[in-house]
Amino acid sequence: MDNEYNPGKIESGVQKKWEDSNAFHVTEDPNKEKFYCLSMFPYPSGKLHMGHVRNYAIGDVISRYQRMQGKNVMQPMGWDAFGLPAEGAAIKNNVPPAKWTYENIDYMRGQLKRLGFAYDWDRELATCSPEYYRWEQWFFTQLYEKGLVYKKTSIVNWDPVDQTVLANEQVIEGKGWRSGAVVERREIPQWFLRITDYADELLADLEKLPGWPDAVRTMQANWIGRSEGLEVDFKVEDSEDALRIYTTRPDTIMGITYMAVAAEHPLAKAASENDAVLRAFIQECKSGGTTEVEMETMEKKGLPLNINVRHPITDELIPLWVSNFVLMGYGTGAVMAVPGHDQRDWEFAHKYDLPIKQVIVPSDGSDHDLSESAFTDKGLLNNSAQFDGLNSADAFNAIADFVEKNRCGNRKVNYRLRDWGISRQRYWGCPIPIINNKNGEALAVPADQLPVVLPVDIEFEGISSPIKSMSEFINIDAPDGSGPGERETDTFDTFFESSWYFARYCCPDNDQAMLDERADYWLPVDQYIGGIEHAILHLLYARFFTKLMRDLGLLKSDEPFTNLLTQGMVLKDGSKMSKSKGNTVDPQPLIDEYGADTVRLFMMFASPPEQSLEWSDTGVEGSFRFLKRLWKLSSAHINDGKTGVLEKSSMTNSQRELRRKIHLTIDKVNDDIGRRYTFNTAIAAVMEMINALSRAELKESNDHAIMREGIETAVLLLSPIVPHITDALWKALGHEEALIDAAWPKSDPEALEQNEIEMVVQVNGKLRSKITVAKTADQKQIEALAMTDEKIQQHIEGKTVRKTIVIPGRLVNIVVS
RNA sequence: GCCGGGGUGGCGGAAUUGGUAGACGCGCCGGAUUCAAAAUCCGGUUUCUUCGGAAGUGCGGGUUCGAUUCCCGCCCUCGGCACCA
């Protein structure tokens, strides 16, 4: 074999072999344990970036490892192909989004193949193809029928100059990215999915996901934000109206000193009719974007409405304010304000000189200075009439009972989670399959008229969606026979597509149904891998869709992903690689120069997958160097032609030690790849083994036999990570069988045995000496050996030994004074 | 602002269940090889040191025979915050 490592030649040869034999195509096999390994599919933005390479390298290592465990492994790949950047490219370069997207897909597919990922390409799908999105249109109409879809108004970013809705990303420092105009909040009608109907199940089932990181489960639980509280109606003075609020702290209800409503609230609108100052304020409240950050960090402002409401318990009159910190879209659009016990209310009260009343005192009897801050902990009620002396929990019940008895409120479970708005006023997305008839009724497009195909032969004249002015798309007879109707021109949120693609991979060729029984063979996904930035939205929506599909009888699983690996980001000079920062590194030139194996190896070696990875050009060279050393060691051994025969009974101590190293490495790598997913330490362990083999003297048959055992072990252990070079070495070592189907190595217990163990001896917790003890030594013998050690004698001389701690197999700690 | 991570040599990182801090790699220094260089190989590499040791895992405190690991309080930094994907 060649003495030189030539990755270009090796990799293209191995890849051709895989392709010709369709090596990664799988079908359902009831006799084998299945393993569905999925990496989050990419948005086809143009070319692969380092984050993709990292994500897909991790998924590929896990897939190949599982295959060597004898499992029936499916690893598919596809394209999350709808999205905003295609429209940006269309506007900028006058290229249709479909053309741009499909060209990007072609290029990126080539890159993935060049990296040697073990995908079943027969399952490839692109979400922008009608064959894919027709089923989510159909699914939407089923949900509509079941009442899980509804229409309501909600706020969007509005660019008053370009007369268009903007995505949050298109709002730069409160201004439209193209026009530079100050963005406004505007309410428009949009479609929603009732995800809140599933809030309890989505929360409870997090318990069924022990294979997910705790951080992700915590974030999802906090996002859903289940709270138990009280809904209370406050009568509006001189009116029949009631103002409904929701509170999680009914125990503080006696401390209300004012109330507040959102600018869009009907009471505020009504009050502003004859009040120019109020009108101006309400208008001012509309400026700004829609993000939660903006809402939470903006300066809190308000104006009194000169309306009073009656306290449901005391019947006192309370002034009503309008404020920008209350949101119409969240809860009832009105809040009770208790400045003594809520920090935001406290700050607002200070600003507008509103009274602050203490009705809760700390239960430990300490004092809280209300002039410094609100007291937000629970405690004992005070200044609260008949509720005085109750603790917060008892007061919650007493007050809830009171309002329920007096029919002015009731206990209610609330969620921070809001229903999912799926309408987008954009072109490059899946058309929402709705036709509005002339009576203003929204009708689902009948199944036999699906898919509603997005016209792709279009041009962007301005920046708004071309189908919004395309009469041949819009005008259509209503399906109820009522005459001419109009198509919905909004498209789905692209999260809609990515919420079920994992299921479609199981049966991408079915043109009669969304899913079939093959989905029940493969699902749930055994291992899902993707960026931590998807911890909440994408993963929550995919969980939600799984439950919807289950309830429509399309599949059997409750959860989509059994195990989740959230990979960290790829950084350069400490910050995320991004075009705007100009610190991107294109993986392609590195693949061209060093080969796929080197790039894959570096990605897996530089840091554990959950952590961020700091990019290093010299680190890549280091990985390349290691592969060259592996090649050299192997070719020297193979070309030498001496295979040797291991005579276990005649092994020298150093031979025994080297062989022990090999089998320790097998256990270590198996644990690191199979259980811990710390590929970096797995690689380090193989490097240590290769270093040890390189130092070994080759004198007799045993030496050659151990060398061969070591090299074969290294090839097998590294094969999921660097599949090309190991395939070539495997063949050169004389194996006929394909490496991808070779059995994963098992350690020989006999090789791991050792008669003596090294133990550390500490004095007062500080390392002072090391001793070698027999494996069979008991605690007393170990202690005696430690005490008589020369160096230890020096440290305990003249001192009193107070205690001796022996941790078998590890250390002895002698405590002296 | 809210929710969730992270912080260890010059750098990436290791230490898996509270038990030897710095594995492995990069970089750097020295040496071998070479006319020379590249490549390769060998050795060294936390800091301070009176060469006995001492200090040291973002900062301050605590628990423990023993803390990178557990607890409390801070600082910095990264991800998400519902229309980027």
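Because the structure is a prediction, the values reported are computed rather than measured. Each chain gets a letter, A, B and so on, in the order the sequences are listed, and its residues count up from 1.
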(message) For A:Lys468, I'd like to know if atom NZ has over 12 heavy atoms of other residues, nucleotides or ligands within 6.0 Å.
(response) yes
(request) Kindly say whether, by distance alone, the side chain of A:Lys632 makes a donor-acceptor pair under 3.5 Å with the base of B:U40? (result) no
(request) Take atom C1' in B:G22 and the same atom in B:U57, then report the distance between them in whole Å. (result) 9 Å
(message) For Watson-Crick and G-U wobble pairs within 3.5 Å on both distances, what is RNA chain B written in dot-bracket notation, | included for inter-strand pairing?
(response) (((((((..(((......[....)))((((((.......))))))(((....)))..(((((..]....))))))))))))....
(request) Specify the separation, in whole Å, of atom CZ of A:Phe544 and atom P of B:A82. (result) 18 Å
(message) Students often get this wrong, so: under 4.0 angstrom with heavy atoms, is A:His538 touching a base, only sugar-phosphate, or nothing?
(response) nothing
(request) Give the nucleotide from the list B:C84, B:C81, B:C26 with an atom nearest to the side chain of A:Leu84. (result) B:C84
(message) Just to be sure I understand the rule, does A:Met298 reach a base, reach only the sugar-phosphate, or reach nothing, if contact means heavy atoms closer than 4.0 Å?
(response) nothing
(message) Does A:Arg629 reach a base, just sugar-phosphate, or nothing at all? Heavy atoms under 4.0 Å.
(response) sugar-phosphate
(request) Would you indicate which nucleotide in B:G1, B:C26, B:G25 comes nearest to any side-chain atom of A:Thr297? (result) B:G1
(request) Using heavy atoms and a sub-4.0 Å distance, could you list which residues of residues 801-817 of chain A are near RNA chain B? By number, please. (result) A:Lys803, A:Ile805, A:Ile807, A:Arg810, A:Leu811, A:Asn813, A:Val815
(request) Would you mind classifying the nucleic acid contact of A:Arg768 as base, sugar-phosphate or nothing, using non-hydrogen atoms under 4.0 angstrom? (result) sugar-phosphate
(message) I want to verify a distance call: between B:C84, B:A39, B:C24, whose nearest atom is closest to the A:Asn168 side chain?
(response) B:C84
(message) Can you identify which nucleotide, out of B:G19, B:A14, B:A82, has its nearest atom closest to the A:Gln762 side chain?
(response) B:G19
(message) Between A:Lys175 and A:Asp159, does any NZ, NE, NH1 or NH2 come within less than 4.0 Å of an OD or OE carboxylate oxygen?
(response) no
(request) Could you check whether A:Gln190 gets within reach of a base, just the sugar-phosphate, or nothing at all, counting any heavy atom under 4.0 Å? (result) base
(request) May I ask you to say what A:Tyr43 touches in the nucleic acid, namely base, sugar-phosphate or nothing, with a heavy-atom cut-off under 4.0 Å? (result) sugar-phosphate
(message) Under 4.0 Å, counting only non-hydrogen atoms across every strand here, what does A:Phe626 touch: a base, just sugar-phosphate, or nothing?
(response) nothing
(message) Any base atoms under 4.0 Å from A:Glu688, or only sugar-phosphate, or nothing? Heavy atoms, all strands.
(response) sugar-phosphate
(request) Quick one: label A:Ala535 by what it contacts on the DNA or RNA (base, sugar-phosphate, nothing), any heavy atom closer than 4.0 Å. (result) nothing
(request) Report which part of the nucleic acid A:Pro42 touches: base, sugar-phosphate, or nothing (heavy-atom distance under 4.0 Å, all strands). (result) nothing
Short N/O separations, protein against nucleotides 3-5 of chain B, under 3.5 angstrom:
{"from": "B:C3", "atom 1": "O3'", "to": "A:Asn222", "atom 2": "ND2", "distance (Å)": "2.7"}
{"from": "B:C3", "atom 1": "O2'", "to": "A:Asn222", "atom 2": "ND2", "distance (Å)": "3.0"}

(request) Report yes if at least one side-chain N or O of A:Lys628 is closer than 4.0 Å to OP1 or OP2 of B:U40; otherwise report no. (result) yes
(request) Measure from CD on A:Gln567 to P on B:A85 and round the result to the nearest Å. (result) 19 Å
(message) Without decimals, in angstroms, what is the distance between A:Leu417 CG and B:C81 P?
(response) 15 Å
(message) What's the closest nucleotide to the side chain of A:Glu292 if the choices are B:U20, B:U16, B:A82?
(response) B:A82
(request) Looking at every strand, decide which applies to A:Lys668 at a 4.0 Å heavy-atom threshold: base, sugar-phosphate, or nothing. (result) base
(request) Identify whether any heavy atom of A:Gln425 sits under 4.0 Å from a base atom; if not, whether one sits that close to sugar-phosphate; answer base, sugar-phosphate or nothing. (result) base
(request) Return yes if some donor-acceptor pair links the side-chain N/O of A:Gln170 with the main-chain N/O of A:Ala167 below 3.5 Å, else return no. (result) yes
(request) Kindly point out which of B:U20, B:A82, B:A85 is positioned nearest to the side chain of A:Arg416? (result) B:A82
(message) Rounding to an integer number of Å, can you tell me how far A:Glu621 CD sits from B:G25 C1'?
(response) 13 Å
